Amino acid sequence: MKQQIVQLALLVNDYDEALDFYIQKLRFELIEDTVMSETKRWVVIAPPGSDGCRLLLAKAATPEQETRVGNQTGGRVFLFLHTDNFERDYQNLIAQNISIVRPRSEEPYGTVAVFEDLYGNLWDLIEPIKE
């Protein structure tokens with residue numbers, strides 16, 4: 001048996017503002033942007049060079065969903081972005097004025113920093129230790 005998680009839904013307030021942040025600031029790639037109805041799009045993004053899990057940007061459609069935008073995990077780090085060059089990507093976060101919640105630190109598993117996306121979701125930027 002083989003299974004894998006291929007996509008996660010990330011609640012957003014607006015498709016275009018979310019795309020601007022992830023594509024322009026984090027340098028993610030747009031995989032798909034298909035109009036489903038007047039109010040719904042199928043918007044999929046992924047980090048550059050990724051062949052793993054993708055993010056589906058899901059516009060909050062109900063008042064309850066709107067309360068979860070930016071806080072899908074109750075304030076815990078939600079997403080973990082591995083990089084092959086921590087310094088390059090950390091400097092990009094700074095240059096793009098992205099909020100760094102916990103600055104760079106060296107941990108047993110690699111170099112890590114915590115940043116917020118445009119809605120306040122917490123992300124780990126990690127360059128794992130090479131074995």
Side-chain angles (χ1 to χ4, degrees):
M1 176 186 240
K2 180 180 178 185
Q3 298 178 336
Q4 64 187 111
I5 295 173
V6 297
Q7 207 156 264
L8 295 172
L10 179 65
L11 287 170
V12 300
N13 286 330
D14 179 82
Y15 293 115
D16 293 321
E17 76 178 359
L19 279 173
D20 183 60
F21 178 83
Y22 287 104
I23 302 298
Q24 301 303 318
K25 294 190 175 205
L26 287 186
R27 302 177 181 161
F28 279 33
E29 296 173 348
L30 178 63
I31 306 301
E32 182 178 355
D33 187 353
T34 302
V35 175
M36 306 298 283
S37 71
E38 283 186 31
T39 58
K40 185 176 180 181
R41 289 160 54 186
W42 189 261
V43 181
V44 180
I45 60 172
S50 174
D51 60 359
C53 192
R54 298 171 172 184
L55 290 178
L56 171 70
L57 301 180
K59 184 176 179 184
T62 67
E64 182 179 6
Q65 289 175 8
E66 288 172 0
T67 68
R68 303 301 194 271
V69 173
N71 192 19
Q72 290 185 218
T73 60
R76 291 188 57 97
V77 170
F78 177 41
L79 297 161
F80 300 80
L81 180 61
H82 281 199
T83 179
D84 63 349
N85 186 323
F86 182 90
E87 193 59 33
R88 174 197 64 215
D89 295 335
Y90 188 70
Q91 290 305 316
N92 180 63
L93 295 176
I94 293 168
Q96 297 294 335
N97 294 315
I98 294 172
S99 176
I100 307 290
V101 176
R102 283 193 295 275
R104 168 191 202 129
S105 67
E106 301 298 326
E107 302 297 336
Y109 53 85
T111 306
V112 63
V114 179
F115 68 94
E116 286 182 335
D117 68 14
L118 75 162
Y119 297 115
N121 293 301
L122 297 179
W123 288 68
D124 268 1
L125 174 65
I126 303 169
E127 183 176 353
I129 291 177
K130 295 172 180 62
E131 295 182 22

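Source: prediction; values computed, not measured. Heavy-atom basis, side chains included; hydrogens, waters and symmetry copies ignored.
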| message | Evaluate R88 against T83 for side chain to side chain contact (heavy atoms under 4.5 Å, CB included), listing each step before the verdict. | response | CA-CA 9 Å; R88 174 197 64 215; T83 179; 3.4 Å; yes
| note | Nearest heavy-atom approach of S105 to E107 is OG-OE2, 2.9 Å
| message | Show the nearest heavy-atom pair for residues A58 and A9, with the distance to one decimal. | response | CB-CB, 4.5 Å
Separation between [atom1] of [X] and [atom2] of [Y], rounded to the nearest 0.5 Å:
X: Q72; Y: Y119; atom1: CD; atom2: OH; result: 11.0 Å
X: R104; Y: L93; atom1: CZ; atom2: CG; result: 12.0 Å
X: K59; Y: N13; atom1: NZ; atom2: CG; result: 8.5 Å
X: N85; Y: E127; atom1: CG; atom2: CD; result: 6.0 Å
X: L125; Y: L26; atom1: CG; atom2: CG; result: 9.0 Å
X: Q91; Y: Q96; atom1: CD; atom2: CD; result: 12.0 Å

| said: My understanding is that only one of P47, P48, C53 makes a side chain to side chain contact (heavy atoms under 4.5 Å, CB included) with S50; could you say which? | reply: P47
| More than 12 heavy atoms of other residues, nucleotides or ligands under 6.0 Å from CD of E64: is that the case? | no
Are [Y] and [X] connected into the same hydrophobic cluster when the rule is that any two of I, L, V, M, F, W, Y join if their side-chain heavy atoms are below 4.5 Å apart?
X: V12; Y: W42; result: no
X: L57; Y: I23; result: yes
X: I5; Y: L55; result: yes
X: V69; Y: Y15; result: yes
X: I31; Y: L81; result: no

| query | F28 vs W123 aromatic rings, parallel, tilted or perpendicular, using cut-offs 30° and 60°? | reply | perpendicular
Test item: [X] and [Y] side chains (from C-beta on) under 4.5 Å apart, heavy atoms:
X: N121; Y: L79; answer: no
X: T34; Y: M36; answer: yes
X: I45; Y: L10; answer: no
X: V43; Y: L30; answer: yes

| Quick one: hydrophobic cluster around Y109, which other residues, with the 4.5 Å side-chain cut-off, linked directly or via members? | V77, F80, V101, V112, V114, L122, I126
| Hey, mind stepping through D33 and L19 against side chain to side chain contact (heavy atoms under 4.5 Å, CB included) and telling me if it holds? | CA-CA 10 Å; D33 187 353; L19 279 173; 3.8 Å; yes
| With sequence neighbours excluded, what pairs up with F86 under the ring-ring contact (aromatic ring centres under 6.0 Å, His included) test? | Y90
| note | Those residues at least two apart in sequence (or on a different chain) that pass ring-ring contact (aromatic ring centres under 6.0 Å, His included) with F21 are none
| query | So, does Q24 use its side chain to make a donor-acceptor pair with the main chain of D20 at under 3.5 Å? | reply | no
